[in-house]
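Let me begin by presenting the structure, written as structure tokens, before commenting on it.
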Amino acid sequence: MRLDKYLTEMGIGSRSEVKQGIRKGFVKVNGMPAARPELKVTEEDEVTWKGTPVIFVEYEYIMLNKPAGVISATEDARERTVLDLIKNCSRKDLFPVGRLDKDTEGLLLLTNDGDLAHRLLSPKHHVSKIYYAKVDGVMTERDIRLFKEGLKVDDSLTALPANLTILKTDENSSEIQLEIYEGKFHQVKRMVHAVGKEVVYLKRLSMGSLLLDETLEPGAYRPLTSAEVEGLYAE
Ligand code: URA
């Protein structure tokens, strides 16, 4: 890959800033000054910018415990996005794999690996997603059956069979876990609404084999381990 592309992809600056820096002598390759932006480098080469090593990372995978109040987008003129929370990543082309509503918390994968994102989001693949929800209203055995059979939510959505577990109920509220195999707009909220109750708190716990690391506070994140990445590829 060209030296200027290498440095741009690693977020050193725009293509023209990087080219200027190269010409000014900010860059060394394997200890030698490199003054030509078109010089070819590979991951084996040791590239430095103003003396600091620039390690090439092709794909990056980050697990975020999304807090409420930020939107699942890469940029937005008004709202804070999930990418605004990520401070020290290698890649500048990360995007969220799917969306959680602004008020939903929990597991969100950020990556620049388009193939993996496609596999996880493709409606054909039926990747499992497990949510925890607090519900205004009492969820019942009948709801478990209806969800299991594939509930007609409204004219535009008949949900695939889903696994509802009722964790707790009292006179007028419930805590549930719901496993679904698709990701339609507001899916969990609409399913619960369709049986006459309302989600008041929602958190995603898993996506396929990837489980939310419960040591991450809302807003915190960490890189995936290689076993976690391999697990997702095996979905
Ligand atoms: N279902 C919802 O209703 N909202 C989400 O954010 C995710 C799933």
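Order of listing sets the numbers, starting from 1, for every ligand and every atom in it. Just so it is clear, the values below take in all heavy atoms, side chains as well, and ignore hydrogens, waters and symmetry mates. Starting from 1, each residue takes its place in the sequence as its number.
Salt-bridge check for Lys129 with Glu179: failed, with every basic side-chain N at 4.0 Å or more from each acidic carboxylate O. One finds a salt bridge joining Glu214 and Lys203 here, because a Lys/Arg side-chain nitrogen approaches an Asp/Glu carboxylate oxygen to under 4.0 Å.
Remark: Lys134 qualifies as a cation-pi partner of Tyr201 under the 6.0 Å distance and 45° angle criteria applied to the six-membered ring.
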Without placing hydrogens or testing angles, list every side-chain donor-acceptor pair under 3.5 Å for residues 21-35, not counting sequence neighbours.
residue, atom, partner, partner atom, Å
Asn30, OD1, Glu46, N, 2.8
Asn30, ND2, Asp45, OD1, 2.9

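If you chain together ILVMFWY residues whose side-chain heavy atoms come under 4.5 Å of each other, Val138 ends up in a group of its own.
Applying the side chain to side chain contact (heavy atoms under 4.5 Å, CB included) rule to Asp213 yields the partners Met63, Thr215, Leu216, Arg222; only residues at least two apart in sequence or on another chain are considered.
For ligand 1, the 4.0 Å heavy-atom shell takes in Leu100, Asp101, Thr104, Tyr131, His186, Gln187, Val188, Lys189, Leu202, ordered by chain and residue number.
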